[in-house]
Amino acid sequence: MNTHTDVPVRMTNLLTVESSVAPHAVARLRTARQALSTRPFLARGGPRGERCEGCRLRPTHCMCALRPDLETRAGFCLLMHDAEPLKPSNTGWLIADVVKDTFAYGWSRTEIAPQLQALLNDPQWQPFVVFPGEYAQPPKRVVHALHEGSAPLQPGKRPLFVLLDATWSEARKMFRKSPYLDGFPVLSLHPEQLSRYQLRRSKRDDHFCTSEVAALCLELVGDAPDTRAGQVLESYLGVFTERYLQAKNQLPADAQSPAHQCLRERMGSTS
């Protein structure tokens, strides 16, 4: 984990409200990152006022009661750039909401956390670094499916998707400067749909937010629980985006919106 305490951040008067849900890996990383800062982080452009500790939304728009927390064969390892755990719009948080086996670590170019090294070496997992294949060397590292290519998913192993959670320019730097990932296959996704993420738009429509990438990875596993989890995560992102923007624009949350209805259907609930 990055241990610098002099990272420049701007002041904010945001207060947090306790949540009934237990903190997951990303929430714990955020707490650790906050402890390293001499000044609190200012979220730009988002809703002002109090935020729920469990979902980062205004208490009036809280969605903690909607957290799915599903069992999957796949797991996720989030390597998060320095400020990402502090951003209320970060969607790696949503992956940890939905997928029980989600791990989160702060990225550093000079060291690897012992817990991260142990996870990557754990024999139950087979790591796949999720990144565009054109940046991988040598090219033979690149796979486009879990059961094909030079490094297919081995029988009895669980896929561990390693996601670089950062802006696009930061992620490219992380990919180049993380030698401990060089021995793992690079899973290169070629989705047909364009990103619908509205909170922090990339300059390119084919750059997906972190939770969209995770949903696509879950679909590749092929197991029914993982496919369902991918669909739930996609809908969960839709609800989060809607409530975040409603809070920002001082509009009430609409629990009967199409986004909420889609999430209920994919969760198998009609209430």
Side-chain angles (χ1 to χ4, degrees), residues 14 16-27 30 43 45-72 74 76 78 84 87-102 163 165 191-202 205 208-219 221 223-271:
L14 291 181
T16 57
V17 177
E18 290 186 3
S19 170
S20 60
V21 296
H24 49 49
V26 180
R30 179 187 64 175
R48 302 301 181 187
E50 294 181 329
R51 293 182 187 270
C52 170
E53 288 185 345
C55 64
R56 306 157 297 155
L57 295 172
R58 281 183 180 174
T60 54
H61 291 69
C62 174
M63 57 183 289
C64 288
L66 303 178
R67 181 184 289 192
D69 193 25
L70 301 178
E71 298 280 357
T72 59
F76 288 93
L78 303 178
E84 285 299 325
K87 296 178 180 178
S89 58
N90 173 271
T91 68
W93 186 289
L94 305 182
I95 302 170
D97 280 353
V98 174
V99 178
K100 188 179 295 293
D101 287 322
T102 298
L163 305 183
D165 195 1
E192 297 179 355
Q193 68 269 44
L194 297 178
S195 175
R196 295 186 296 273
Y197 187 50
Q198 304 172 54
L199 302 184
R200 284 192 282 152
R201 292 294 303 164
S202 168
D205 283 337
F208 281 57
C209 75
T210 307
S211 67
E212 288 175 312
V213 171
L216 292 168
C217 290
L218 287 166
E219 292 179 8
V221 177
D223 293 3
D226 293 74
T227 299
R228 176 173 176 254
Q231 295 171 345
V232 168
L233 179 56
E234 182 183 26
S235 297
Y236 192 68
L237 170 65
V239 170
F240 173 77
T241 301
E242 180 178 278
R243 291 199 176 204
Y244 185 101
L245 293 175
Q246 286 170 337
K248 177 180 177 180
N249 296 310
Q250 300 183 359
L251 298 172
D254 180 9
Q256 302 305 317
S257 72
H260 286 77
Q261 181 60 34
C262 182
L263 178 61
R264 284 193 290 268
E265 290 174 354
R266 287 179 170 179
M267 285 295 297
S269 172
T270 59
S271 59

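Quick note: numbers below take in every heavy atom, side chains included, and nothing from hydrogens, waters or symmetry partners.
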Indicate yes or no for a side-chain donor-acceptor contact from [X] to the backbone of [Y] under 3.5 Å, with no hydrogens or angles considered.
{"X": "Asp226", "Y": "Ala74", "result": "yes"}
{"X": "Asn90", "Y": "Gly92", "result": "yes"}
{"X": "Arg228", "Y": "Met267", "result": "yes"}
{"X": "His61", "Y": "Leu245", "result": "no"}

Stepwise side-chain contact (heavy atoms from CB on, under 4.5 Å) test for Cys209 and Leu237: CA-CA 10 Å; Cys209 75; Leu237 170 65; 3.8 Å; yes

Give me the atom names and distance for the closest heavy-atom approach of [X] to [Y].
{"X": "Val232", "Y": "Arg266", "result": "CG2-O, 3.7 Å"}
{"X": "Gly54", "Y": "Trp93", "result": "O-NE1, 3.2 Å"}
{"X": "Ala229", "Y": "Val98", "result": "O-CG1, 4.1 Å"}
{"X": "Glu71", "Y": "Pro225", "result": "O-CB, 3.9 Å"}
{"X": "Pro59", "Y": "Cys52", "result": "CD-N, 4.4 Å"}
{"X": "Leu218", "Y": "Val99", "result": "CD1-CG2, 4.2 Å"}

Evaluate Tyr236 against Ser211 for side-chain contact (heavy atoms from CB on, under 4.5 Å), listing each step before the verdict. CA-CA 9 Å; Tyr236 192 68; Ser211 67; over 6 Å; no

Could you go through Asp69 and Val21, starting from their C-alpha distance and side-chain angles, then the distance that decides it, and tell me whether this counts as side-chain contact (heavy atoms from CB on, under 4.5 Å)? CA-CA 11 Å; Asp69 193 25; Val21 296; over 6 Å; no

Taking the side chain as every heavy atom from C-beta outward, state whether [X] and [Y] have any pair of such atoms under 4.5 Å apart.
{"X": "Leu66", "Y": "Arg243", "answer": "yes"}
{"X": "Glu242", "Y": "Met63", "answer": "no"}
{"X": "Thr72", "Y": "Val221", "answer": "no"}

Could you tell me if Gln261 and Arg264 have a donor-acceptor pair between their side chains, going purely by distance under 3.5 Å? yes

Going through the distances and angles, do Asp97 and His24 end up as a side chain to side chain donor-acceptor pair (under 3.5 Å)? CA-CA 7 Å; Asp97 280 353; His24 49 49; 2.8 Å; yes

